[in-house]
Amino acid sequence: MIKKTVAAFFLFVVLFSNAQSGEVQKPQKIKKAYKDILFSPGLIVQHETFLEFNVLFGDVTVENGKIPIIGVDGFRIGVETNLRDGHNHTIAPKLGYEISATIFAVRLSAVNYFQNGNSEFRLLPELGISANGWANLTYGYGIPLNNGNLNNVSCHRVGLSFNLDRRLRDGL
């Protein structure tokens, strides 16, 4: 009797272990072991025109599901300058974080402006619109943490930047 019960139980387990539920398995998002590196140039207007050169270390996301998500998020390190010779030459190294996906862009940066022996440190939140993370048009307000008396740097700024990556561009 015990042999028949064990054999029936074994047969039951073998038969139902191969059964399928009928559910469609969703593809799992695979987390990659490395970060993407993107070059991110831009143009800034803040009383004068500045150029910015950044490198972004982060993740590029391209998901074309029911709700498409195309964008980038990660840390930015770079510099902005007005490329002037002489008295009002300004250079500003900066460090920040960016999230730009589908239609919105958000950044928070720390910028230190140097001009004519003066220095001014600012926190810079920016908010704007994005074209799938590839092109971002943002407005930002630089919050000065000290008074450096800079001649050509306004607290208000409008920036246009590009995250140069083929996957983001093709997402447009």
Side-chain angles (χ1 to χ4, degrees), residues 32 34-172:
K32 55 188 172 197
Y34 63 91
K35 296 288 186 187
D36 294 306
I37 300 173
L38 288 77
F39 180 61
S40 181
L43 182 70
I44 302 166
V45 177
Q46 56 181 2
H47 186 72
E48 269 190 15
T49 302
F50 282 70
L51 295 177
E52 69 174 333
F53 305 96
N54 299 288
V55 176
L56 189 138
F57 302 96
D59 295 318
V60 173
T61 304
V62 178
E63 294 180 11
N64 291 323
K66 288 183 180 178
I67 301 174
I69 300 172
I70 302 172
V72 64
D73 69 296
F75 290 96
R76 295 167 51 103
I77 185 168
V79 65
E80 55 187 63
T81 182
N82 60 355
L83 297 176
R84 280 189 143 188
D85 288 334
H87 184 66
N88 286 331
H89 175 71
T90 306
I91 190 163
K94 63 185 192 175
L95 179 65
Y97 190 82
E98 172 180 336
I99 299 172
S100 55
T102 313
I103 58 170
F104 72 90
V106 177
R107 282 191 203 130
L108 179 62
S109 301
V111 184
N112 196 14
Y113 290 95
F114 295 101
Q115 178 189 83
N116 304 328
N118 294 326
S119 174
E120 184 170 290
F121 183 77
R122 294 183 180 187
L123 289 179
L124 179 63
E126 293 179 86
L127 183 64
I129 58 174
S130 178
N132 290 336
W134 185 73
N136 300 316
L137 180 64
T138 60
Y139 166 78
Y141 184 80
I143 304 166
L145 299 180
N146 61 345
N147 187 4
N149 298 323
L150 301 180
N151 297 329
N152 59 343
V153 181
S154 171
C155 289
H156 301 276
R157 65 191 274 155
V158 174
L160 176 64
S161 63
F162 299 93
N163 292 317
L164 302 181
D165 187 87
R166 182 178 302 267
R167 294 169 288 177
L168 294 173
R169 188 193 69 206
D170 292 345
L172 290 174

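- Atoms CD1 and CG, from Ile37 and Asp165 in turn, are 11.5 Å apart once rounded to the nearest 0.5 Å.
- For Asn163 and Glu98, the side-chain atoms include at least one donor-acceptor pair closer than 3.5 Å.
- The shortest distance between side-chain heavy atoms of Val79 and Glu52 does not fall below 4.5 Å.
- Considering CZ of Arg76 and OG of Ser161, their distance stands at 5.5 Å, rounded to 0.5 Å.
- Using the six-membered ring where Trp is involved, Phe39 and Phe53 have ring planes that are parallel, under 30° apart on the 30 and 60° scheme.
- Counted by atom type alone, Asn118 and Glu120 present zero donor-acceptor pairs between their side chains at under 3.5 Å.
- No side-chain donor-acceptor contact under 3.5 Å links Ser40 to the backbone of Val55.
- A donor-acceptor pair under 3.5 Å links the side-chain atoms of Asp36 to the main chain of Val60, judged by distance alone.
- Between the side chain of Ser154 and the backbone N or O of His156, at least one donor-acceptor pair lies under 3.5 Å.
- Atom SG in Cys155 sits 9.5 Å away from atom CG in Leu150 (nearest 0.5 Å).
- Atom CG of residue Leu38 and atom CZ of residue Arg166 lie 12.5 Å apart, to the nearest 0.5 angstrom.
- Remark: side-chain polar atoms of Asn146 are paired, donor with acceptor, to backbone N or O of Phe121 under 3.5 angstrom.
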Requested in this report: Please step through side chain to side chain contact (heavy atoms under 4.5 Å, CB included) for the pair Asp59 and Asp73, ending with a clear verdict.
Outcome: CA-CA 6 Å; Asp59 295 318; Asp73 69 296; 3.8 Å; yes

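- Thr138 is linked by a side chain to side chain contact (heavy atoms under 4.5 Å, CB included) to Ala105, Arg107, Glu126, Asn136, counting only residues two or more places apart in sequence or in another chain.
- Of the possible polar contacts, one joining the Asn82 side chain to the Thr90 backbone as a donor-acceptor pair under 3.5 Å is found.
- Enclosure of atom OH in Tyr139 by more than 12 non-hydrogen atoms of other residues, nucleotides or ligands within 6.0 angstrom is indicated.
- Here the closest heavy-atom approach between residue Leu124 and residue Gly140 is recorded as CD1-C, 4.2 Å.
- Looking only at side-chain heavy atoms (C-beta outward), Ile129 and Ile103 stay at 4.5 Å or farther from each other.
- Note that CG of Leu127 is 12.0 Å distant from CG of Leu108, once rounded to the nearest 0.5 Å.
- Side chains of Arg167 and Ile70 form no contact here, defined as non-hydrogen atoms less than 4.5 Å apart.
- A 4.5 Å side-chain heavy-atom check between Leu51 and Leu43 finds at least one atom pair inside the cut-off.
- Side-chain atoms of Asn132 do not come within 3.5 Å of backbone N or O of Trp134 as any donor-acceptor pair.
- Of the inter-residue distances, the one linking Tyr97 atom OH with Leu56 atom CG reads 9.0 Å to the nearest 0.5 angstrom.
- The closest side-chain heavy-atom distance from Thr102 to Pro68 is not below 4.5 Å.
- The two residues Gly78 and Asn54 come nearest to each other via the heavy atoms CA-OD1, 3.4 Å.
- Among all heavy-atom pairs drawn from Gly133 and Leu168, the shortest one is O-CD1, 3.8 Å.
- When all heavy atoms of His89 and Thr81 are compared, the closest pair comes out as CE1-OG1, 3.5 Å.
- Looking only at side-chain heavy atoms (C-beta outward), Ile143 and Pro125 come within less than 4.5 Å of each other.
- Counting heavy atoms from C-beta outward, Phe114 and Ile91 have side chains that approach closer than 4.5 Å.
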